[in-house]
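First up is the structure itself, then whatever we jot down about it.
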Amino acid sequence: SNNISPWSPDGSVTVDTVPPTGTLSINSGANYVNSTSVTLNPSATDDSSGVVAMQFTNDGVHWSDWLPYATSAAWTLVSGEGTKLVSARFKDGAGNVSSSPNRTIILDITPPGVPGNPADSGLYTLNPSVTFNWTAASDSGGSGVGGYTCQIGSAPGAFDVFNGSVGNVLSKTIAGSYGGRYYCRVKATDRAGSAGPWTSWS
């Protein structure tokens, strides 16, 4: 007699024809950057076979190799200041490829210029309110000045009265705690995070 094996259980196959969908940000959603080296933050979902790979491009033509899907990836922007475009696309387990979400970011590698030297009115009595004013710095890199770092001291080089950020303003008022003259220096930082040179103490 012939031995006949029993039938195997019925199998099932899921057909996935829908590509993933995704989004992209750069440096956690920053608008400006001061280096061509950035971190991409892709995010994608797929309703069936799952997202398995991703790739990127700076020009929409020359794509990177397919990389295993992850929520961050190191990337290099095209050199030269200005607006940079990065596009991503994603592939699911069935081989479907998504459309290409993109993100722009402004590359500004030039630090801002030096502000005008801070000016005050000279000598003060004990515990006055001292106001320093300076001329705004310029920024040719494209992101604009985002704020200033100000140091105020009882002597040049001593920032024993104030040392910190003062925002994007052209004056700083502070309650003094010393008699005599106060000294101040200022530097600007652009929105891409690059700091310019200090003024001299004045």
Practice task
Nearest 0.5 Å please: distance from the CH2 atom of Trp198 over to the CG atom of Asn117.
Solution key: 12.5 Å

Completion exercise
All heavy atoms of Pro112 vs all of Ser194, minimum pair found to be CD-O, 3.3 Å

Problem - Test item: Val86 and Trp75 side chains (from C-beta on) under 4.5 Å apart, heavy atoms - result: yes

Exercise for the section: For residues Asn27 and Tyr32, determine if any side-chain heavy atom of one lies less than 4.5 Å from a side-chain heavy atom of the other. Expected result: no

Problem - Value rounded to 0.5 Å, distance of OG1 in Thr23 from CG in Asn41 - result: 9.0 Å

Practice task
Could you please spell out the steps behind the side chain to side chain contact (heavy atoms under 4.5 Å, CB included) verdict for Val97 and Gln55?
Solution key: CA-CA 10 Å; Val97 177; Gln55 62 179 178; 5.8 Å; no

Problem - Cys184 and Cys150, any side-chain heavy atoms less than 4.5 Å apart - result: yes

Exercise for the section: Measure the OG-CZ distance between Ser200 and Arg185 for me, rounded to the nearest 0.5 Å. Expected result: 10.0 Å

Practice task
Any chance you could measure Thr83, atom OG1, to Asp108, atom CG, to the nearest 0.5 Å?
Solution key: 11.0 Å

Practice task
Report whether Val161 and Val186 are members of the same hydrophobic cluster (ILVMFWY, side-chain heavy atoms less than 4.5 Å apart, transitive linking).
Solution key: yes

Practice task
Keeping the roles fixed (side chain from Glu81, backbone from Thr110), state whether a donor-acceptor pair exists under 3.5 Å.
Solution key: yes

Practice task
Check the pair Asn168, Val145 against side chain to side chain contact (heavy atoms under 4.5 Å, CB included), reporting the backbone distance first and the verdict last.
Solution key: CA-CA 7 Å; Asn168 195 8; Val145 174; 4.0 Å; yes

Handout entry: Asp65 CG: over 12 foreign heavy atoms closer than 6.0 Å
Key = no

Handout entry: Shortest non-hydrogen contact between Ser87 and Ser100, atoms and distance
Key = CB-CB, 4.4 Å

Handout entry: Residue pair Leu107 / Thr36: nearest heavy atoms and the distance that separates them
Key = CD2-CG2, 3.8 Å

Practice task
Can you see which heavy atom on Arg103 is nearest to which on Asn31, and at what distance?
Solution key: NH2-OD1, 3.4 Å

Problem - Side-chain touch Asp16/Asp47, heavy atoms, less than 4.5 angstrom - result: yes

Fill in the blank from the handout: OG1 of Thr17 to CG of Asp92, rounded to nearest 0.5 Å, is 9.5 Å

Practice task
Say whether Phe159 and Tyr183 are linked into one hydrophobic cluster, either directly or through other cluster members, by side-chain heavy-atom distances under 4.5 angstrom.
Solution key: yes

Exercise for the section: Locate the shortest heavy-atom distance separating Lys172 from Val166; write the atom from each residue and the value. Expected result: CD-CG1, 3.5 Å

Handout entry: Within one Ile-Leu-Val-Met-Phe-Trp-Tyr cluster: Phe132 and Val169, side-chain cutoff 4.5 Å
Key = yes

Exercise for the section: For Pro115 and Pro197, work out which heavy atoms get closest and say how close. Expected result: CD-O, 4.1 Å

Problem - Minimum side-chain heavy-atom gap Phe56-Leu24 below 4.5 Å - result: yes

Problem - Side-chain heavy atoms of Ser202 within contact of Trp134, under 4.5 Å - result: no

Exercise for the section: State, yes or no, whether a side-chain contact exists between Pro20 and Tyr69 at a heavy-atom distance under 4.5 Å. Expected result: no

Problem - Side chain proximity check, Thr45 to Phe90, heavy atoms < 4.5 angstrom - result: no

Exercise for the section: List the steps and the verdict of side chain to side chain contact (heavy atoms under 4.5 Å, CB included) for Leu77 and Val33. Expected result: CA-CA 10 Å; Leu77 302 173; Val33 65; 3.9 Å; yes

Practice task
Following the transitive rule for hydrophobic clusters with a side-chain heavy-atom cut-off under 4.5 Å over Ile, Leu, Val, Met, Phe, Trp and Tyr, establish whether Ile106 and Ile109 coincide in one cluster.
Solution key: no

Handout entry: Reported OG-to-CZ distance for the pair Ser99 and Arg89, which is rounded to 0.5 angstrom
Key = 10.5 Å

Practice task
Determine whether Ile105 and Leu40 fall in the same hydrophobic cluster, where Ile, Leu, Val, Met, Phe, Trp and Tyr are linked whenever their side-chain heavy atoms lie under 4.5 Å apart.
Solution key: yes

